[in-house]
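Just so we're on the same page: letters track the sequence lines, and every chain starts at 1.
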Amino acid sequence: MPLITGHRIEEAHFYSKLVTRGNFKSFAKSLQGSAIESVSRIGKHIVVKLDRGSLHLHLGMTGKLLWNVEPGNYTRAIFRLDNGTLIYDDIRQFGRVSYSDKLPSAIGRLGPDALAVNFDSFFLSLHKHHCSLKSLLLNQRFVSGIGNIYADEILFAAGIHPKAKASRLLKRRALKLYEEMGRILQTAIEHRGSSISDYVDSNGVKGGFQLLHRVYGKAGGDCERCGAVIKRIVIAQRGTHYCPRCQRP
DNA sequence: CAGATCACCTGCTTGC
DNA sequence: TGCAAGCAGGTGATCT
């Protein structure tokens, strides 16, 4: 979002206690008149560095950042800048928007970014965990940035069963997992993500990666690789989709 | 302590 | 037709 870098927040408005989780009147006051120095991403977190403090956003499930649109029923925050208006919409309010002079503790606990971690530390960390690979991929302290859809797609691409134990993964298989993790995430970014319900980017454009899903949401259908019927189970309270033939335990 | 489970939300789908 | 129950998932709190 380099669009907003170098610009000034003229005023901010917040409308949801759930999303801000704090005193949004003081947030709005602090943000007023501050200049945007940079925008960066850490895992699934967005950090907007200001000349004083920083703005932290997490889109949760249904959060959307929109540029120059009219506020709607689900608008939870509005930032009027000197070059346009940034709107934060969030139907389910699982997202978070806050202002602080230091980074939220959640960011400090994050593991290395899934697109930046090197294989050696990935492999080392893998062997410290005894849980299933599916739940480990979702664990932001292990690597950050992977959600439920991508965990399923990565495991399918790597041909690894979601219940496989992380600590027992052989190096060769771990390397495959590592490579597919990077490849799937990179491809998803190039397609601007997965629009499952109504997700759009800041220009209102839908993502296209959902067209490339090979197991997520495909339960009951045929595996494109081997023809077996895709299964759906629950791991870590999350719907988990996999091919029982391509992804052997 | 690590891993598992629950709660928080709301729109959509399913089933009677 | 209508309405209740179930489902979806990221994260933090709580439980085992």
Side-chain angles (χ1 to χ4, degrees), chain A residues 14-22 24 41-47 56-66 71-77 88-98 100 103-115 124-156 161-169 181 184-185 188-189 193-200 206-207 209-210 213 215-221 230-242:
Chain A
F14 296 98
Y15 305 96
S16 165
K17 241 180 189 144
L18 281 165
V19 168
T20 56
R21 286 280 181 90
F24 49 63
R41 178 191 66 81
I42 308 172
K44 302 179 190 176
H45 298 253
I46 298 168
V47 178
H56 315 116
L57 302 101
H58 189 302
L59 305 186
M61 273 296 298
T62 52
K64 286 184 270 192
L65 280 168
L66 301 167
N73 290 341
Y74 309 113
T75 296
R76 314 300 183 187
Y88 178 73
D89 275 17
D90 193 349
I91 293 177
R92 291 184 217 173
Q93 304 183 90
F94 275 17
R96 297 289 176 260
V97 179
S98 66
S100 162
L103 291 179
S105 54
I107 292 182
R109 289 193 295 264
L110 292 178
D113 191 277
L115 282 172
L124 206 64
S125 176
L126 201 64
H127 277 199
K128 288 180 185 159
H129 292 272
H130 301 281
C131 58
S132 69
L133 272 169
K134 170 66 187 261
S135 49
L136 188 59
L137 287 178
L138 292 177
N139 181 352
Q140 304 298 300
R141 295 184 192 208
F142 170 59
V143 292
S144 56
I146 300 174
N148 196 46
I149 294 172
Y150 300 109
D152 283 4
E153 294 298 325
I154 290 165
L155 286 169
F156 174 80
H161 195 284
K163 277 191 173 172
K165 292 280 177 254
S167 56
R168 292 201 209 146
L169 203 64
M181 175 174 78
I184 296 275
L185 292 177
I189 288 168
S194 303
S195 288
I196 291 300
S197 50
D198 65 344
Y199 169 79
V200 290
K206 283 194 171 218
F209 191 72
Q210 69 281 5
H213 290 173
V215 283
Y216 181 84
K218 307 279 187 192
I230 302 296
K231 284 186 77 171
R232 181 189 181 279
I233 57 175
V234 174
I235 298 176
Q237 307 299 112
R238 295 295 166 254
T240 298
H241 315 73
Y242 71 103

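Residue A/Ile91 has its side chain nearest to B/dG11 when only B/dG11, C/dG9, B/dC8 are considered. When distances run from any side-chain atom of A/Gln237 to the nucleotides C/dG10, B/dG3, B/dC6, the shortest one goes to B/dC6. Here B/dA7 is the nucleotide among B/dA7, B/dC9, C/dG12 with the atom lying nearest to any side-chain atom of A/Arg238. Comparing atom distances between the A/His45 side chain and each of B/dA4, C/dT11, B/dC8 picks out C/dT11 as nearest.
Side-chain atoms of A/Lys44 come within 3.5 Å of backbone atoms of A/Ile146 as a donor-acceptor pair (strictly under, hydrogens ignored). The backbone N or O of A/Leu138 lies less than 3.5 Å from a partner atom in the side chain of A/Gln140, making a donor-acceptor pair. Side-chain atoms of A/Arg96 come within 3.5 Å of backbone N or O of A/Leu18 as a donor-acceptor pair.
The CG-P distance, from A/Leu138 to B/dA4, rounds to 12 Å in whole Å. As a whole-Å value, the separation of A/Leu133 CG from B/dA4 P is 12 Å. Residue A/His56 contributes atom NE2, which lies 14 Å from atom P of C/dG12 at whole-angstrom precision. If you measure from atom CE of A/Met61 to atom P of B/dG11, you get 14 Å, rounded to the nearest angstrom. Atom CG in A/Asp90 sits roughly 13 Å away from atom C1' in B/dG11 (whole-Å rounding). What separates NE2 of A/His213 from P of C/dG9 is a distance of 11 Å, to the nearest Å. Atoms CG (A/Asp89) and P (B/dG11) sit 13 Å apart, rounded to a whole Å. The nearest whole Å value for the distance from the NE2 atom in A/His129 to the C1' atom in B/dC1 is 12 Å.
A/Tyr74 has a side-chain polar atom (N or O) that falls below the 4.0 Å cut-off from OP1 or OP2 of B/dG11. Contact between the side-chain N/O atoms of A/Lys44 and the OP1/OP2 oxygens of C/dT11 is found at a separation under 4.0 Å. Remark: A/His58 is in phosphate contact with C/dT11, judged by side-chain N or O atoms under 4.0 Å from OP1 or OP2. A close approach under 4.0 Å does not occur between any side-chain nitrogen or oxygen of A/Tyr150 and OP1 or OP2 of C/dG9. For B/dC9, neither phosphate oxygen OP1 nor OP2 lies less than 4.0 angstrom from any side-chain nitrogen or oxygen of A/Arg76. The phosphate of B/dC8 has neither OP1 nor OP2 within less than 4.0 Å of any side-chain N or O from A/Gln93.
Where A/Phe94 and A/His130 each meet DNA chain B at their nearest nucleotide, the meeting point lying more 5' is that of A/His130.
At a threshold of 4.0 angstrom between heavy atoms, the contacts of A/Arg141 with the nucleic acid are absent. Counting non-hydrogen atoms under 4.0 angstrom, A/Ala106 reaches the backbone sugars and phosphates but no base. If you check every strand for non-hydrogen atoms under 4.0 Å, A/Gly95 touches nothing.
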message = Run the salt bridge (Lys or Arg N to Asp or Glu O under 4.0 Å) test on A/Arg238 and A/Asp152 for me, step by step, so that the C-alpha distance in whole Å, both residues' side-chain angles and the decisive distance to 0.1 Å come before the verdict.
response = CA-CA 10 Å; A/Arg238 295 295 166 254; A/Asp152 283 4; over 6 Å; no
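Partner of A/Asp89 under the side chain to side chain donor-acceptor pair (under 3.5 Å) criterion, chosen from A/Thr75, A/Asn73, A/Thr62: A/Thr75.
Heavy-atom minimum distance, A/Arg232 versus A/Gly239: NH2-CA, 3.5 Å.
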